[in-house]
Structures are given as C-alpha cells and as structure tokens.
S.K.: 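Below is a structure I'd like to ask you about.
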Amino acid sequence: MDVSSLLDQLNKPQRQAVSAGMYPILVLAGAGSGKTRVLVHRIAWLLQVEHVSPYSILAVTFTNKAASEMRGRISDLLQQPPNGLWVGTFHGIAHRLLRAHWQDARLPQHFQIIDSDDQLRILRRLMKLLALDKDKWPPRKAQSYINSRKDEGIRPESIEPKGDFYITQMVKIYTAYENACQKSGVIDFAEMLLRSLELLRDNTALLHHYQHRFQHILIDEFQDTNTLQYAWLRLLAGHYNNVFAVGDDDQSIYGWRGAKIENIQQFTEHFGDTETIRLEQNYRSSGNILDAANALIKNNTGRLGKKLWTADQAGHLVDLYKAYNESDEARYIIARIERAKESGKNYADIAILYRSNAQSRIFEMIFAEKGIAYRVYGGLRFFDRAEIKDTLSYLRLASNRHDDPSFERVVNLPTRGIGAKTVEHIREYARAHNISLWHSAKVIIDAAILPPRASNAVRGFLKLLDDMSTHIHTLALHEQVDYVIETTLLKAHYKKKERGEKGEARIDNLNELVSAAEGFRYDPEDLHENMDFLSAFLAYAVLESGESQASHGDDCVQMMTLHAAKGLEFPLVFLSGLEENLFPHRMSLNDTARLEEERRLCYVGITRAREQLVISYAEQRRIHGSVQYNLASQFIHEIPDVLLNEIRPSVAAYRLQQPVRRTAHRIARSLGDGHQNGRFTKGQRVSHIQFGEGTISDLEGAGNYARAQVNFDREGRKWLVLRYAKLKKI
DNA sequence: CCCAAGGTATTTTTT
DNA sequence: ATACCTTGGG
C-alpha cells in the first residue's frame, strides 16, 4: 500500500499521530474524534511504512469488544489478517503469558480462571474457617480489599498493618485466600495481571525476551489503566519505550474501580521525551451538543485540556424537560420516541441513558404497556448464569480435579446425599493434610471414615468425575459439554426442580451452551501455548463471557447506564434523571474528585448524541420505596441557557389524577427545604431505645416515609423511618 | 432438604 | 419497592 493513501483519509492531527516517530506518544482523543481509526492506521503505518514486523507489535485494550473491533479494522485496512500481531485485552494477554510460562509463574499446567463470584465463595468459606463473624467482617469487604491491593500490585507480605486491627485481619484473609487459590490451581482476574507482572519482573531472561519482542506497544483507553496495568505496561515497554497511548482524561469514569486518571495526566513526566497530540475535531455530534459538552467539562480542574469542535452544523438545541415525577419523565421520553419513529427513525438509533440500573424499570413498564421493543444492557451475562456455571464447574473438574471452588459448587448438585456434614468432613481432612477436596474425598473413602451412606454417596460422585474424565477425552468439545449435562443429571435436575418458564429457560441455556461449544474456535496463536481445546473454552467462558455491551440487532430502543454507553453513539439520546443526589450521585456529592468523575460521566453521556440530545429530570422520584424531592442537577446549570430549549410540560391527564400526591409534595418540599421534618431538624440530638443517643445528620421523605439519618454516638450512622423509630428529642 | 418469613441494603462494572 | 440473603421451622 502506498503511503499517501494511508494518510489521505486522515485529518492533520490524526496524520501527525499516525506518522509520528519512535518515541512515547500520547494521543488525547476527544469523544468521536476517531481514536480507533488512529490506532488502526498507526499499526498499518508501522507495518507498511516503517516495515516493522507484526510480531513486534502489541496492542492492548480493556474489553474484548474493543479488541475484536480493532482486529477487524486492521484486517480490513490491510486486506488481510495481521498474523503474529498481538491484539488483546490486558487480561487476555496476561493469560497468554501465563499459559506459555506456567512453570515460571508457579502455576499448575491446567490452572483455571475464577470470576468474582467464585472469588467471593472462596472468601466466604475461608472467613468462616477463620471464625470471623460475617456481620462484622463482610466477605465483600475482604474481596474488595484484596482486589484493590492486587490492583495496586501489593502482596500480603508487604503490607504492614502497624497495629491496625482491621488491616491485620485483612492481611490474614488475603494470605489465606492466596494459599487456597494456589492449592486449587485457580487465579482471579487481578491475579492474572499481578502474576504476569511478577513473572516478567522476576525472570530477567523472559523480561528481556518480551521487551525486545514488543518494540511497539499501543494502548487504547489509557485513562482507564490502574496502577497494576500501568506498571505492567512500563515494565514491558521498558526497553524501547515506544508506547503509543490513546485516551481521553475527560472520559475517565472508572476511578471507583481503581483506574488512575493520574496515569494519563502524568504520562509526559513518566515517559520523558514524549509528544502529545490532541484530536479535537469531532465527527459525531452537531455543534450545540458539543458546545454543551465543552461548557460542562470546563468546570473540571486538572484537565489536560482539549476543546472539541465540529465542521458540522449547530443543529438542534439541547432539549430540557422538567418532569413532575419519574413516570411523567418516562412517558414524555417514550412519547418522543414514538414521534421519532413516526418520522422515520429506527428504534435502534435511540438510546435512553441513566445513572443507575434501577432507573430502567419505569421505562420498561411503559415500553411493555405500549408494545415497543427495547433492550436493556448490562444484565446477567450468559456465562454468569447458575446453570452454565454448574456445567462449567464439572468441566473444570474434568480438566483439573484440584479445583476446589468447582468441587464445592457441584459436590451435591444435583442433590446426591452429600450433605453439609459430609462436605465438612472432606474439608476438614483436606485442610489438615493440605490437599485438595477431591484428593481428600478419595482418601476418606478409602479409609472408611464416613458412615456408609455418606461414603457411598461420595464414592458415587468421585466415580462420576472419573467416568467423566475418561469418557470425555475421546469426544469433541460440544459432545463433552452435552455428555456432562446429561450424565451429571444437571438437565434432569433443572427440569424437575424448576418447572415452568424459569426451568425451561435454564434448559434452553444448557442447550445453548452446547451450541456455543460447537461454534467455539480458538485462536490458532494459542495452539502452542499449552492449551487443550477444553481449557481454551473454559478460559474463554470466564474471560470473554461478554456481550454485555450494545450490539445492534433487532430494531429496539437501547437502554443502558452511562458507564455502559461509553464508546457508543446514537442519533437520538435521552439523558434522564439529571437530579442532585441521583446524578451526580449522592455518594459523590461531598468529594471533589468524585464529583468531577460524575461530571465526566455526564460529558460521556452528552457526547453519545449525534443529532439530538434530550435531557430530563423529575421534581419528585420514588427511590427505594420512598419519594424524594431533588433539585435539578448542577450539571444542567453548567450548560449555557442559550444551548437549551426548555420544554413546557403539557398538563397531562395523569397529573390531575394525582392531586393528593401533589399536596403531599408541596408539604414535604416546604419541610424538606428547611432540612426539617415535622418535629425534627438537622442537628437535633435524639435518643433511641436500642441505639442510644445521637445527632440527626439528614432528613428526607414525608409522611409515613419520612426518614432521618442519625449519627449515633455508639453505633454510627443509621437511616431510620421516623414513623417506627420512636426517636425522642433530648 | 425445602420453603416461608424476616432482615438488609440498594452507583457505576470489565476482566 | 424490591431483590437478595439468612435463618428457622416443618
């Protein structure tokens, strides 16, 4: 391919980025500015102009979807698949490294990946073992503690509790958890990255090999990297330092799960001689929408700075609808969707975005009422379903019998007379001898420790596993899956246990799993990486269980959270629920950094719209069962009035049907605004029969739903429903 | 072993 | 409101 044609299709800064020299480059790519295009063209440039071997290029993304999109677009541009080129997610690449070097990574050859669900199960069990009261020590807290430490690259050995009891406990749990995983030959998501970082760090020869191999490293969505991923990149890029990072600090919305916006903000400092290129021309949204986005994001501090512009028309103003309540909001939006459909838009071109998942409900109800097709993104994914995970657990045991989490999951599923007591015996023995549950069960049977009935049941289970592994080897993957579903009686179990729709859905899913196995092809690049077909499928199931992001299919209205909307675009976008306490979320109101992340989230939302953006908020909204009265979001006020078209609500009939609520609304509002509620005010000292004395720190709701948040001297903060709490003023 | 009742928490989510 | 989980009884 000739050089000019590669650059011809690009604008000036894009060209500059694609054809930049061999040094660290940061591309600040605004929303809709063609960042994937730049990445793909950069790779083509390296291959065709710089004559870099595909073998020495590594491209890293966060999601499987982004990775496959990139792969597809590279193939399209080159008109052939780029063999030898590594394109994958952080986890996918780490996984590949670990498979290739399992011994150096101190892993069993058939190690398995566990998801956060499995992780939590393990922790629950371990914490029970450590005799920790689960009310005082919630396993979820331990889980997030462990994951956060791993994301920071910290092992338990290097944590110094310094007398802090809480940290001492967490370290104890972290250590026990690590041992348990190691013993079972399983690794969690964060472990995958940490383990591969350590693999490289501790093996000079390996490190040099990969540092020399990957002369060019490209990263997408750089603003989302966490400490560990960043360290991993720096280590791997350490020799050539040819890092090509693409990202947008204004779209960093994953700080709450460890992403460090500082990584992009400090790129220049960390990598020394770098070049920063800004892609500011937007090819997506019309002028007014962009102006609104720019005006909003201007309120954030510490930005790297960037101003989107478009050659496009100003287009429509941003519509703003002030709804009476959430139902009014939903009806208005859906009425507009119907109108848009009539004037020729497809449902699939329309998205409703919201801050939290619970907001989708009211829309769903009205869509159902009107018979309009819709799709909600971000539900339970296929491979996360219980019946699928049950089946996979059997398959995992067939592949690695020491996989304790899987053993625990299916040892008595379907019920086969192995009760809690028996399992406890097996666990006890396993613990005492530091062996896996499967091994323990085997020994226990031979030693005839258990009562005969339990013993027989366990023997039956072990035999099932044995038969399974011997039979399975001669079968094709989908036959293996089918074999397991049938011989373990899982299918029969679901058929019997859950009659009706739910059970049928489960059976369908099991059949679907067989089809998935049948259609499963694995990357030939993995063939030599110590992977058999089954292992590859199991890894795929955990690692790429995805498809929770939008894909257009049937013509239906798209509904999703703002987080799920990142990277997507729609001609018509409804941004709903712009109220204080909801968006920005109440949890983020008191912290500047978090508030700024909410603002970036809003920025992401606005920039999803191509032609028309409609923002809405409700004066009152039912949240957690009680009515709240929120002010319009501060973000609305940050958009200049000249860009907004405020829509006068028509006095709809249903409004008039609810005069009682309206009165209640007025009363509550007058009370709520003064931060008082009936007899109580903020700051009032009160006493409670059970919790003792405290100070009221917040009030909300009205009538029977009125609640007060009380900061108790002994018990801490609690929300109490005034009607029941019987608080006494002091 | 299963079911019902009661208690509790309820932002965002990929791998 | 509601979904999820725990716990207690049959």
Side-chain angles (χ1 to χ4, degrees), chain A residues 60-67 88-95 113-120 124 134-135 138-140 144 147 150-151 187-194 196 221 224-226 228-229 252-259 326 353-362 365 377-381 383-384 412-421 497-498 539-549 560-567 577 581-589 594 597-598 600-602 604-605 621-628 701 704-705 718-721:
Chain A
V60 196
T61 66
F62 275 85
T63 65
N64 293 300
K65 188 173 175 251
T89 62
F90 276 100
H91 291 85
I93 289 160
H95 178 233
I113 305 159
I114 55 170
D115 63 16
S116 39
D117 199 53
D118 299 325
Q119 186 180 36
L120 192 60
R124 283 213 184 98
K134 63 181 160 24
D135 292 324
R140 277 180 192 285
S144 82
N147 287 336
K150 286 193 183 185
D151 284 345
I187 59 174
D188 60 51
F189 292 127
E191 183 72 26
M192 230 184 296
L193 284 169
L194 183 50
S196 77
E221 305 278 16
D224 289 337
T225 50
N226 65 28
L228 181 53
Q229 289 157 338
S252 163
I253 55 174
Y254 285 109
W256 51 274
R257 67 175 197 216
E326 74 277 6
L353 309 182
Y354 37 79
R355 176 66 239 263
S356 64
N357 285 308
Q359 286 169 255
S360 72
R361 181 175 235 101
I362 181 83
M365 275 166 54
Y377 288 90
L380 193 60
R381 292 168 310 172
F383 283 98
D384 289 339
N412 198 30
L413 190 106
T415 25
R416 50 171 71 88
I418 305 180
K421 200 84 184 223
K497 199 182 106 191
E498 288 174 293
Y540 164 83
V542 194
L543 221 43
E544 303 181 41
S545 56
E547 210 256 314
S548 78
Q549 268 226 340
M560 65 196 85
T561 63
L562 287 151
H563 284 90
K566 195 170 84 161
N581 292 319
L582 188 62
F583 189 27
H585 196 274
R586 54 182 338 185
M587 308 302 288
S588 306
L589 281 172
R594 297 180 68 174
E597 184 155 309
E598 297 276 324
R600 292 192 291 270
L601 196 53
C602 188
V604 167
R621 180 182 296 275
R622 267 193 119 72
I623 293 177
H624 310 322
S626 63
V627 179
Q628 293 193 7
N704 288 346
Y705 296 110
K718 287 185 194 307
W719 276 102
L720 303 170
V721 177

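Lettering of chains follows the sequences in order, A, B, ..., and the numbering in each one begins at 1.
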S.K.: In whole Å, what is the span from the CE atom of A:M587 to the P atom of B:dT12?
M.R.: 12 Å
S.K.: If you check the A:S356 side chain, which of B:dC1, B:dT12, B:dT14 turns out closest?
M.R.: B:dT12
S.K.: Looking only at side-chain atoms of A:H563, point me to the closest of B:dT13, B:dT15, B:dT11.
M.R.: B:dT13
S.K.: Closest to the A:R355 side chain: B:dT12, B:dT15, B:dT14?
M.R.: B:dT12
S.K.: Can you tell me how far P of C:dT6 sits from CG of A:L120, to the nearest Å?
M.R.: 10 Å
S.K.: Side chain of A:T561, heavy atoms from C-beta onward: which of B:dT15, B:dT10, B:dT12 has the nearest atom to it?
M.R.: B:dT12
S.K.: I need the CG-P distance between A:N226 and B:dT13, as an integer number of Å.
M.R.: 18 Å
S.K.: Might you point out which heavy atoms bring A:R600 and A:S252 nearest each other, and give the distance in Å?
M.R.: NE-O, 2.6 Å
S.K.: Are the aromatic rings of A:W256 and A:H563 close, with centres under 6.0 Å apart?
M.R.: yes
S.K.: Of all the choices, B:dC1, B:dT10, B:dT12, which nucleotide is nearest to the side chain of A:H624 once you look at every atom?
M.R.: B:dT10
S.K.: Roughly how many Å is it from CZ in A:F90 to P in B:dT15, rounded to a whole number?
M.R.: 13 Å
S.K.: Can you check the A:I113 CD1 to B:dT15 C1' distance for me, whole Å?
M.R.: 9 Å
S.K.: Salt bridge (charged side-chain N to carboxylate O under 4.0 Å, His left out), that's the test. Do A:K566 and A:D224 meet it? Break it down for me.
M.R.: CA-CA 12 Å; A:K566 195 170 84 161; A:D224 289 337; 2.6 Å; yes
S.K.: Give the nucleotide from the list B:dT15, B:dT13, B:dT12 with an atom nearest to the side chain of A:S116.
M.R.: B:dT15
S.K.: Which residue, A:G419 or A:S588, contacts DNA chain B at a nucleotide closer to its 5' end, judged by nearest heavy atom?
M.R.: A:G419
S.K.: Whole-Å distance between B:dT13 P and A:E544 CD?
M.R.: 20 Å
S.K.: May I have the distance from A:D151 (atom CG) to B:dT15 (atom P), rounded to whole angstrom?
M.R.: 15 Å
S.K.: Among B:dT11, C:dT6, B:dT13, which is the nearest nucleotide to the side chain of A:Y254?
M.R.: B:dT13
S.K.: Under 4.0 Å between any heavy atoms, over every strand shown, what does A:R140 touch: base, sugar-phosphate, or nothing? Just pick one.
M.R.: nothing
S.K.: Looking at every non-hydrogen atom in both residues, tell me the closest pair between A:E597 and A:I253 and how far apart they are.
M.R.: OE2-O, 3.1 Å
S.K.: Here's a test for you: under side chain to side chain donor-acceptor pair (under 3.5 Å), which of A:E191, A:Q119, A:R257 qualifies with A:N147?
M.R.: A:Q119
S.K.: Nearest whole Å is fine: how far is B:dT13 C1' from A:H91 NE2?
M.R.: 12 Å
S.K.: Taking C:dC4 as the reference, what is the distance to B:dT13 when you measure between their P atoms (whole Å, please)?
M.R.: 16 Å
S.K.: So what does A:N357 touch, heavy atoms closer than 4.0 Å: a base, only the sugar-phosphate, or nothing?
M.R.: sugar-phosphate
S.K.: How do A:G417 and A:R594 order along DNA chain B: which one's closest nucleotide is nearer the 5' end?
M.R.: A:G417
S.K.: Of the nucleotides B:dT13, B:dC1, C:dT2, which has the atom closest to the A:R361 side chain?
M.R.: C:dT2
S.K.: Are A:W256 and B:dT12 stacked, counting the six-membered base ring, centres under 5.5 Å, planes under 30°?
M.R.: yes
S.K.: Any non-hydrogen side-chain atom of A:L582 less than 4.5 Å from a side-chain atom of A:Y354?
M.R.: no
S.K.: Does A:N147 reach a base, just sugar-phosphate, or nothing at all? Heavy atoms under 4.0 Å.
M.R.: nothing
S.K.: Picking from B:dT10, B:dC2, C:dT6, which would you name as closest to the side chain of A:R124?
M.R.: C:dT6
S.K.: What nucleotide, of B:dT13, B:dT15, B:dC1, holds the atom closest to the side chain of A:N64?
M.R.: B:dT15
S.K.: Does A:R381 make a side-chain donor-acceptor contact with the base of B:dT13, cut-off 3.5 Å?
M.R.: no
